[in-house]
Amino acid sequence: MSDKIRVRFAPSPTGHLHIGGARTALFNWLFARANKGAFILRIEDTDLDRSTDEYIQAIIEGMNWLGLTYDEGPHRQTARFDVYKAHIDRLLAEGKAYYCYCTREELEAKKEAAIAAKIPYKYDGTCRNSEDAREGVSPVVRFRMPQHGATIVDDLIRGRMVFENEQLDDLVIARSDGSPVYNFVVVVDDVDMGITHVIRGDDHINNTPKQIQLYKAIGHGEPPLFAHLPMILGADKTRLSKRHGATSVMAYKDMGYLPEALNNYLVRLGWSSGDQEVFSMDEMVAQFDFSHIGKSAGVFNPEKLLWLNAHYIKTSASERLAELIRPFLAANGLLAEDAAVDSAWLAKAINTLKERSQTLVEMAGQMRFYIGDTVEFDQKTKEKFLTPDAQPLLESLRDRLQDLADFSHDGIESVFKGICENAGIGLKKIAQPARVALTGGTASPGIYELVEVMGRSLAVARLNAAIEAMKAV
RNA sequence: GGUCCCAUCGUCUAGCGGUUAGGACGUAGCCCUCUCAAGGCUAAAACACGGGUUCGAUUCCCGUUGGGACUACCA
């Protein structure tokens with residue numbers, strides 16, 4: 001256990017698992033799996049006002065959906081307040097931290113003054129050397145940050161970064177109510193949990209030197225190694241947020257995306273392995289390495305994700321898709337959740353839809369080809385294809401399908417071919433009117449498979465309905 | 001304002017001193033074809049700028065410009 005790699009994903013439960021968090025989780029997971037290490041889930045819920053149990057569940061749900069299994073956790077920081085308290089007391093006793101009685105108002109005023117005078121703001125250290133308690137003020141605890149020398153971060157992705165210690169603030173580690181603050185608990189937990197590598201977004205870069213100083217005060221050995229991942233940006237190159245559309249992982253599930261598509265998209269946003277674009281989870285694990293993680297922020301590209309999703313739909317087993325699509329069919333009203341529809345039939349239908357569906361939502365919509373007694377005709381389409389010339393052809397088609405002994409793809413094909421030969425016409429002359437009659441539209445799966453999956457009775461019924469509609473004109 | 005990070009087609013990226021600067025998404029055209037897709041082929045499309053270093057810079061160094069993050073008793 002001593003030199004085993006241990007990494008963690010540490011989201012705060014103040015929202016759903018979003019795209020950026022999911023990628024951080026994925027990279028941690030990949031690194032752990034690639035090195036036979038441990039992947040730990042830690043919930044950073046020290047912000048009591050904004051954290052909720054619902055979001056904890058939502059984050060876990062998102063990770064489960066993506067298949068990012070964790071080996072330990074979820075650990076909750078709110079369950080460890082006594083641990084933090086002990087560290088704070090010790091730091092206080094050792095003089096590495098001190099009580100600060102400055103009020104928020106005073107601090108705010110000093111900050112505004114600094115900004116107005118255009119000088120860089122930093123806590124002025126009023127309480128650093130004075131032990132004077134003030135009546136009626138419950139103090140915060142500040143960490144005594146070294147003010148000389150420099151803190152060096154040898155980032156696994158960015159290389160060496162040097163921070164002058166005089167730039168570092170005496171940061172608050174405990175609020176006036178005694179509760180510990182993020183930068184502090186992160187360090188305590190990483191030490192306690194034996195974290196060897198901290199893989200996180202590069203929005204944490206400026207926290208790193210502060211945390212390293214905390215490690216030196218709290219930890220025993222060396223601080224962990226750091227790897228700062230580039231940010232994910234929206235199309236306008238600002239940090240990805242709700243403004244850019246769906247950002248929660250589960251929203252993608254609801255929009256009919258497959259988890260492997262999202263994982264594959266995310267892994268290629270910032271990391272590469274030559275020219276390869278499509279990766280199974282096993283391939284990602286086998287090929288993942290820090291040296292091919294880029295440094296620059298990436299723009300989230302929904303079109304490419306959609307392309308990957310279409311790819312995975314095309315290549316997934318239809319049996320699996322048949323199960324996944326049921327909720328979507330229930331949602332669009334085509335098939336009740338508990339409808340007794342044969343999965344084998346569903347899979348057969350999906351076979352004809354896979355190559356023309358980019359999402360499960362889209363595929364569920366296309367199930368209209370096969371489910372439902374009536375079809376709606378667009379007026380223009382009807383005029384163009386359900387012509388007087390076509391009527392006898394459709395009648396003939398109906399009769400032949402009615403009498404067809406071998407109601408298979410090949411049997412159906414021979415029916416169409418037979419009609420073409422009889423009438424001396426090309427397939428196009430009958431296929432398009434038939435397609436319109438059977439589906440109401442001009443775009444559908446191949447006509448033979450369409451009829452086959454639809455089944456004899458529905459095909460005949462729809463043909464009859466179309467023929468009636470033609471007569472009515 | 002301060003600190004830090006970043007910079008190859010519109011986007012994701014390959015490249016690790018000498019390449020016709022490669023791939024992918026998207027876009028356009030063609031082929032295939034019963035429609036729509038899928039698939040195949042082709043095309044347009046990039047090294048931000050200026051200095052160095054070097055026989056030679058997309059690649060190494062510095063600066064400029066441009067983006068971004070952080071700058072809380074949030075995480």
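Naming convention: chains lettered A, B, ... in sequence-line order (proteins, then strands); numbering from 1 in each chain. As the structure is a computational prediction, the values presented were derived from the model and not from experiment.
- Below 30°, between 30° and 60°, or above 60°: for A:F288 and A:W271 the angle between ring planes is between 30° and 60°, a tilted geometry.
- Remark: A:K304 is not in phosphate contact with B:rU13, judged by side-chain N or O atoms under 4.0 Å from OP1 or OP2.
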Pick out the pairs of N or O atoms, protein on one side and nucleotides 32-41 of chain B on the other, that lie under 3.5 Å.
| unit_1 | atom_1 | unit_2 | atom_2 | d |
| --- | --- | --- | --- | --- |
| B:rC34 | O2' | A:R435 | NH2 | 3.4 |
| B:rC34 | O2 | A:R435 | NH2 | 2.3 |
| B:rC34 | N3 | A:I447 | N | 3.2 |
| B:rU35 | O4' | A:Q432 | OE1 | 3.2 |
| B:rU35 | O2' | A:T442 | O | 2.5 |
| B:rU35 | N1 | A:R435 | NH2 | 3.3 |
| B:rU35 | O2 | A:T442 | O | 3.3 |
| B:rU35 | O2 | A:S444 | N | 2.7 |
| B:rU35 | O2 | A:S444 | O | 3.0 |
| B:rU35 | N3 | A:R435 | NH1 | 3.2 |
| B:rU35 | N3 | A:S444 | O | 2.5 |
| B:rU35 | O4 | A:G446 | N | 3.2 |
| B:rC36 | O2 | A:R356 | NH1 | 2.7 |
| B:rC36 | N3 | A:R356 | NH1 | 2.5 |
| B:rA37 | O2' | A:E355 | O | 2.5 |
| B:rA38 | O4' | A:E355 | O | 3.4 |
| B:rA38 | O3' | A:K314 | NZ | 3.2 |

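- Contact annotation for A:E277: base contact, defined as any heavy-atom pair under 4.0 Å involving a base atom.
- Backbone-only contact: A:V299 has heavy atoms under 4.0 Å from sugar-phosphate atoms and none from a base.
- The same atom, C1', is picked in B:rC4 and in B:rA38; the two are 48 Å apart, to the nearest Å.
- Nucleotide B:rA69 has B:rU3 as its partner under the Watson-Crick or G-U criteria, with both atom distances under 3.5 Å.
- Separation of the P atoms belonging to B:rA72 and B:rU58 is 42 Å when rounded to the nearest angstrom.
- Take the nearest nucleotide of RNA chain B for A:C102 and for A:S273: the residue whose nucleotide is more 5' is A:S273.
- Applying the 6.0 Å contact sphere to NZ of A:K354 captures more than 12 heavy atoms from other residues, nucleotides or ligands.
- Residue A:T46 has a polar side-chain atom (N or O) positioned under 4.0 Å from OP1 or OP2 of B:rA75.
- When both pairing distances are held under 3.5 Å, B:rC25 makes a Watson-Crick or G-U pair with B:rG10.
- Between A:K237 and B:rG66 there is no side-chain polar atom (N or O) within less than 4.0 angstrom of OP1 or OP2.
- Counting heavy-atom neighbours within 6.0 Å of A:F377 CZ, excluding the residue itself, gives a total above 12.
- Nucleotides B:rG10 and B:rC31 place their P atoms 29 Å apart, quoted to the nearest Å.
- Enclosure of atom NZ in A:K428 is not indicated, since only 12 or fewer non-hydrogen atoms of other residues, nucleotides or ligands lie within 6.0 angstrom.
- Distance noted for atom C1' between B:rC9 and B:rC55: 31 Å (whole Å).
- Rounded to a whole Å, the CG atom of A:L306 is 18 Å from the P atom of B:rA24.
- Atom CE in A:M161 sits roughly 17 Å away from atom P in B:rA69 (whole-Å rounding).
- For B:rA72, neither phosphate oxygen OP1 nor OP2 lies less than 4.0 angstrom from any side-chain nitrogen or oxygen of A:R175.
- A cation-pi arrangement is absent between A:R8 and A:F39 under the rule of less than 6.0 angstrom and at most 45 degrees off the ring axis.
- With a 6.0 Å cutoff to the six-membered ring centre and a 45° limit on the axis angle, A:R368 does not count as a cation-pi contact of A:Y370.
- Looking at heavy-atom distances under 4.0 Å, A:K111 makes contact with sugar-phosphate atoms alone, never a base.
- Atom NZ of A:K122 is separated from atom P of B:rU3 by 12 Å (rounded to the nearest Å).
- When the P atom of B:rC5 is taken as reference, atom CZ of A:R160 falls 13 Å away, rounded to whole Å.
- The stretch residues 417-425 of chain A has no heavy atom under 4.0 Å from RNA chain B, so no residue of it qualifies as close.
- A donor N or O paired with an acceptor N or O is not found under 3.5 Å between the base of B:rA75 and the side-chain atoms of A:D203.
- Using a 4.0 Å heavy-atom distance criterion, A:S296 is classed as a sugar-phosphate-only contact.
- Residue A:H204 contributes atom NE2, which lies 15 Å from atom C1' of B:rU71 at whole-angstrom precision.
- Separating the CZ atom of A:F279 from the P atom of B:rG23 is a distance of 17 Å, rounded to the nearest angstrom.
- Distance CD1 (A:I232) to C1' (B:rU13): 15 Å, rounded to an integer number of Å.
- Toward the 5' end of RNA chain B, the nearer of the two residues A:L269 and A:A174, judged by each one's closest nucleotide, is A:L269.
- To the nearest angstrom, P of B:rG1 lies 25 Å from NZ of A:K110.
- Here, B:rA43 and B:rA48 have their C1' atoms 26 Å apart, quoted to the whole Å.
- Between the side-chain ring of A:H292 and the base of B:rA14, no stacking contact exists by the 5.5 Å and 30° definition.
- Partners of A:A227 by side-chain contact (heavy atoms from CB on, under 4.5 Å), not counting sequence neighbours, listed by chain and number: A:L156, A:I157, A:I199, A:F290.
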